[in-house]
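For reference, the structure is listed below as structure tokens.
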Amino acid sequence: MSCEINIEATLFCGQSFAWTEEGGQYTAVLGDRVVCFDAQSLPSLLKEDKELAAYFDNDYDYPGAEKYLSLLDPHLERYIAEYRGLRILRQDPWEVLVSFILSQNNSIKRIRGLYRRLNETYGSEMAPGLYTFPRPEQLARADEDALRALGLGFRAPYVLDAVDQHRLLETIENLDDELGSLQLQRIAGVGPKVASCILLFGFGRRDVFPLDVWMKRIMSNLYPDKDPSFFSPHGGLAQQYLFHGYRDEYGRR
DNA sequence: GGCCAGGAGGCCT
DNA sequence: AGGCCTCATGGC
């Protein structure tokens with residue numbers, strides 16, 4: 001599918017904390033690869049780079065999904081018209097697990113800071129100032145005090161439990177959404193919301209609909225008589241548009 | 001501008 | 001139902 005991607009919304013709406021933008025250049029370390037592009041070069045890059053194409057979920061029919069959701073409901077129609085091109089990134093499950101443990105009771109800005117300090121402290125430097133997200137074995141060098149010193153607070157022991165149980169991620173692929181969620185919730189600091197983010201952003205479960213305080217607010221204000229199944233089979237994409245659109249309209253960044 | 005409370009994209013006990 | 005680390009944020 002070659003179609004327009006809303007790069008800003010996709011990379012900075014809170015799915016991933018890996019990206020930086022400077023002078024029109026978007027940069028991140030994906031796995032152990034430094035990836036850098038500008039808005040103009042992305043489409044051609046996706047054609048020749050299968051790995052990056054998979055990361056951007058480039059084979060999925062987004063125009064079709066956008067059309068479906070636009071016809072489903074006027075709120076979505078408006079938000080999709082405004083933010084068209086939002087993608088659900090297919091990220092590394094381990095990175096998503098830890099990132100979203102960090103996200104609880106926290107703001108995007110602070111999450112980015114914690115994420116960066118984890119990389120700088122426990123990751124590998126691929127280029128000057130550019131670090132990988134630490135693998136479980138690397139993060140295993142940490143103890144609770146060290147993680148608290150980085151500012152993780154009460155999330156520090158949760159991350160350590162995630163390190164201990166990281167092999168559990170290998171079992172998720174074979175489970176359906178509901179069982180996968182329950183399995184993920186065996187990790188400390190992972191409840192229903194964090195589990196749904198891991199399934200959506202780390203395992204490509206496109207119908208999962210993370211329900212955080214904002215989404216609960218949106219559901220009760222805009223869809224008082226509906227539940228997330230209303231958006232099926234595009235729950236995840238609907239959630240992203242609603243979250244992004246509603247917060248831009250009524251909330252803060 | 002600086003200071004200070006309450007809140008932040010949940011989860012645990 | 002309350003507490004939790006920490007700090008960016010908004011209200012004085």
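Just so we're on the same page: letters track the sequence lines, and every chain starts at 1.
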>> Does the structure show a Watson-Crick or G-U wobble partner for dC5(C), both distances under 3.5 Å? Name it, or say none.
In response: none
> So what does Arg155(A) hit on the nucleic acid, given a heavy-atom distance under 4.0 Å: a base, only sugar-phosphate, or nothing?
Replying inline: base
>> Output the rounded distance in Å from CZ (Phe17(A)) to P (dG9(B)).
In response: 10 Å
>> In this structure, how many angstroms lie between the P atom of dC7(C) and the CZ atom of Arg116(A), rounded?
In response: 12 Å
> Taking the same atom, P, in dA1(C) and in dG9(B), what whole-Å distance lies between them?
Replying inline: 23 Å
> Is any side-chain N or O of Arg148(A) closer than 4.0 Å to OP1 or OP2 of dC5(C)?
Replying inline: yes
> dA8(C) P sits how many Å from Arg110(A) CZ, rounded?
Replying inline: 7 Å
> Expressed in whole Å, how much space separates the P atoms belonging to dG2(C) and dG7(B)?
Replying inline: 14 Å
> Side chain of Lys109(A): nearest nucleotide among dG9(B), dT9(C), dC11(B)?
Replying inline: dT9(C)
> Using a cut-off of 4.0 Å on non-hydrogen atoms, how would the nucleic acid contact of Pro192(A) be classed: base, sugar-phosphate, or nothing?
Replying inline: sugar-phosphate
>> Taking only side-chain N and O atoms of Arg247(A), does any of them lie within less than 4.0 angstrom of OP1 or OP2 on dG9(B)?
In response: yes
> How long is the line joining CG of Asn105(A) and P of dG9(B), in whole Å?
Replying inline: 9 Å
>> Regarding Gly189(A), tell me which of base, sugar-phosphate or nothing describes its non-hydrogen contacts under 4.0 Å with the strands shown.
In response: sugar-phosphate
>> Taking the nucleotide of DNA chain B with the nearest heavy atom to each, does Val190(A) or Arg217(A) sit closer to the 5' end?
In response: Arg217(A)
> How long is the line joining OH of Tyr158(A) and P of dC12(B), in whole Å?
Replying inline: 6 Å
>> Could you tell me how far dG3(C) sits from dG6(B) if I compare only their P atoms? Round to whole Å.
In response: 13 Å
> When the distance from CZ of Phe100(A) to P of dC11(B) is rounded to whole Å, what number comes out?
Replying inline: 12 Å
> Please give, in whole Å, the distance from dG9(B) P to Gln240(A) CD?
Replying inline: 14 Å
> In whole angstrom, what separates Asp248(A)'s CG from dG9(B)'s C1'?
Replying inline: 15 Å
> Between Arg148(A) and Glu144(A), is there a salt bridge with N-O shorter than 4.0 Å?
Replying inline: yes
> Do the charged groups of Glu66(A) and Arg84(A) touch, with an N to O distance under 4.0 Å?
Replying inline: yes
>> So that I know where these two stand, are Phe231(A) and Tyr223(A) an aromatic pair - ring centroids less than 6.0 Å apart?
In response: yes
> Is the shortest distance from a Lys or Arg side-chain nitrogen in Arg117(A) or Glu120(A) to a carboxylate oxygen in the other one below 4.0 Å?
Replying inline: no
>> Reading DNA chain C from 5' onward, which residue's closest nucleotide shows up sooner: Ser107(A) or Leu152(A)?
In response: Leu152(A)
>> Would you measure the distance from the P atom in dT9(C) across to the matching atom in dG1(B) and give it in whole Å?
In response: 15 Å
> Does the pair Arg206(A)/Asp57(A) count as a salt bridge with the N-to-O cut at 4.0 Å?
Replying inline: yes
> Under the 3.5 angstrom rule, does the side chain of Tyr26(A) hit a backbone N or O of Glu8(A) as a donor-acceptor pair?
Replying inline: no
> Which base, if any, makes a Watson-Crick or G-U wobble pair with dG1(B), both distances under 3.5 Å?
Replying inline: none
